[in-house]
Amino acid sequence: MTSHEEQHSCDNNQPATTPCGRPLQESNGGLDRRALLVGGGAAALGLTAWAGVRHWLHRPEPVFVAKNQSYDGDLRRTIRDGLLATGVTPSNVGGRRVLLKPNMVEPDRHSPHITTNPAVLLAAAEVFIEWGAQVTVGEAPGHVRDTDMALVESGIADALRDGRLPFADLNYDDVGWRENAGHVSRLAGFFFPQSVLQADLVVSMPKLKTHHWVGMTASMKNLYGTLPGIKYGWPKNVLHYAGIPKTVVDITASLPKTIAIIDAIQCMEGDGPIMGTPKDLGAIVIGRNTVAVDATCARMMRIEPIDLPYLSLAEGRLGSVSAQSIDQRGDDWHDLATRFELIDAPHLRSIRRT
Amino acid sequence: MSKTSNHEWKTVALDSLAQRPRCGYKPDGAVCAEPTAMAALALAAHDRPDPAAEAVKQLAQMQQPDGAVGVSIEQNEPVWPTGLAVIAWQVCGAGDDGLNRFQSQIDRAIAKILEVKGQTLQPSDVLGHDVTLQAWPWVQGTHSWIEPTTYQVLALKLSGLSDHPRCREAVDLLIDRLLPDGGCNYGNTFVLGNKLRPHLQPSGLALLALRGESDDSGRLAKTVDYVRDQLSPQTTPLSLSFALLGLAAQGVDVPAEEWLAAAYRANPSTRTSPYKSAMLLLAAARDRCPLTQGNQQEASA
């Protein structure tokens, strides 16, 4: 049995290329770039081969942006287009177990800008089901123990019913231990719900919001909600003590293959992720690399991505935030860029606004 | 909905719970301490002593040498359910001779509870609550929060330790974490100057643990009002259960038999969840639940 003390037992601040022995497979059978970046598979390759791999590693990551989106529009088509544009196809999700992970942190039916809109979730589910995937919706709301209340208040209960979608309450799932593949925080590993560990693909589906502690929350911070409350509490204070930016990177690195579909239609600015105000952007953002997706979202909010501590830590480990490393597809994010207000707090003042 | 059907759901739920009193959050999940403790309390409250005894034996089997009870048979940590195990042992272990057959387990668990403390913080303008109070955390080495604190407070009170300094300090924390207009969030009051939203489930729990306490600030009375006002036929099972238990502990009874029956029937995930079923059953027996009415041991403390 792995105790919590063991979880905290060592400080694993290792270089990003330290082998962790956890190869990640893309659904088409090839190693993905993150697997090489965090898994250190490159260390086993010969120098000659490494030159070729390095070129491949620096291929720009596709990120799809769709503007002029609305919750009553044809989101299924948008999401299908975005997935195809970023290389996610029926052939590599068909027959696979796909876990859709919305954000239901602390819902309030009078503040729908807190949580992922059910229309986006339902549209994504329909696309994956159409492509032959076995879809489950899963979430471990971070602040509330009554998950039924979270489902009702967020409107996601209706989406589950309408789409006949199974729901995995990740706060109360049986758990399994996985080594910390990110090696940034002092945590030796994570207890993930079995529903997460058994997924072939985790789809992070957050609401795009400013965040009063780390500046922005998008696809990577949303993954806090893959950890079970019975092990980490409500809130998941263990992660706060280990450092939010560090644990965001570590959780992302330690999960099964993860992609992102961002609800950036009605967003939140100011005192996010709960108490902020609505901010309309009208966008859907999709990508296979969560770092590239979050960097694009930051630029749309007129935030310098590298100034967000978790993206700074992820840079070179899980991907790259540089514009040259991102292959922009769909609509141009520049057309959407608008200033999202951050709270005026000392810990956020170093974040440059573009 | 007829009174007969309102009664029938309890029989169905009790029969199901009695078949597997060693239970988890899900029907096919690992045996966990919290659902098993709640099952013991619900079965005992509805005069099903045999399966209740089986549940509390399970909790004894899960107790570790240092007195702690972890979250499940597979996970010894964190140990926040320790207070729940004490509550179940106190309620279900009392014998006719006045002795509790789980007294040694209770003693070791209480020692563990008193050993665990929440991490305090340096006071600042960032958080609106008193960060210097220790109370109890979800996970050792982190800050204190409302829910784990309520469970340990209830355990201490039922064990005759209401006047223990740790219990008194924790009561102070629970009152401090009540929002100015009543109710409480999962644990914070103000963050970076913004007041957080109250929720029914933690508010009900706070009312339960604050039974018999006084509060000059008026926030306790406002919390009673908040919980009573927010309850509706649409309230989800766990929020409904804790809200009714909390109100009952404060001497307020809301007729909610139809709501409980409807909550049980509304969603298959409720009917198949031992934890949710146990909570609804416990709320249905709130007029004779030791958590809401106290017991001899507490009264003599």
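In what follows, every chain begins at residue 1, and chains take the letters A, B, ... in the order their sequences are listed. Keep in mind that the numbers below use all heavy atoms, side chains included, and drop hydrogens, waters and symmetry copies. No experiment lies behind these values; they were computed from the predicted model shown.
- Of the atoms belonging to A:I343, it is side-chain heavy atoms, and not backbone ones, that fall under 4.5 Å from chain B.
- In this structure, chain B has no heavy atom under 4.5 Å from any part of A:P228.
- Residue with the most contacts toward chain A among B:W80, B:F242, B:Y186: B:Y186 (heavy-atom pairs, distance under 4.5 Å).
- Most heavy-atom pairs under 4.5 Å with chain B, from the set A:R145, A:Q194, A:H143, A:E106: that is A:R145.
- Interface remark: B:Q234 contributes no atoms to any contact with chain A (heavy atom separation under 4.5 Å).
- Counting heavy-atom pairs closer than 4.5 Å to chain B, the top residue among A:V152, A:T147, A:D173 is A:D173.
- For the residue pair A:I251 and A:L223, the shortest heavy atom distance occurs at CG2-O, 3.7 Å.
- Residues B:I113 and B:G83 approach most closely at CD1-CA, 3.8 Å, considering heavy atoms.
- Only the side chain of B:T270 comes within less than 4.5 Å of a heavy atom of chain A; its backbone N, CA, C and O stay farther away.
- Heavy atoms of A:N171 lying under 4.5 Å from chain B are absent altogether.
- At a 4.5 Å heavy-atom cutoff, the contact between A:Y241 and chain B is made by side-chain atoms alone.
- For chain A, the nearby part of B:K276 is the side chain; its heavy atoms alone come within less than 4.5 Å.
- Contact count versus chain B (heavy atoms, under 4.5 Å) is highest, among A:P235, A:S111, A:A345, for A:P235.
- There is no contact between B:N188 and chain A, counting heavy-atom distances below 4.5 Å.
- Few gaps surround CZ on A:R349; more than 12 heavy atoms of other groups in view lie less than 6.0 Å from it.
- With a 6.0 Å radius and a threshold of 12 heavy atoms from other residues, nucleotides or ligands, B:D229 has its CG atom above the threshold.
- Among all heavy-atom pairs drawn from B:A209 and B:L154, the shortest one is CA-CD2, 3.9 Å.
- With a threshold of 4.5 angstrom between heavy atoms, B:V191 approaches chain A through its backbone and through its side chain.
- In this structure, A:K236 is not positioned above the aromatic face of A:Y224 in the sense of NZ or CZ being under 6.0 Å from the six-membered ring centre and within 45° of the axis.
- Contacts of B:H199 with chain A are made by side-chain atoms alone, with heavy-atom separations under 4.5 Å and no backbone atom involved.
- For the pair B:Q63 (side chain) and B:V69 (backbone), a donor-acceptor distance under 3.5 Å is absent.
- Using cut-offs of 30° and 60° for the angle between ring planes, the B:W145 and B:H143 rings count as perpendicular.
- Neither the backbone nor the side chain of B:L205 comes within less than 4.5 Å of any heavy atom in chain A.
- When atom types are taken as modelled, the side chain of A:N237 and the backbone of B:T142 share no donor-acceptor pair closer than 3.5 angstrom.
- Aromatic ring orientation, B:Y25 versus B:Y275: perpendicular (interplanar angle above 60°, classes split at 30° and 60°).
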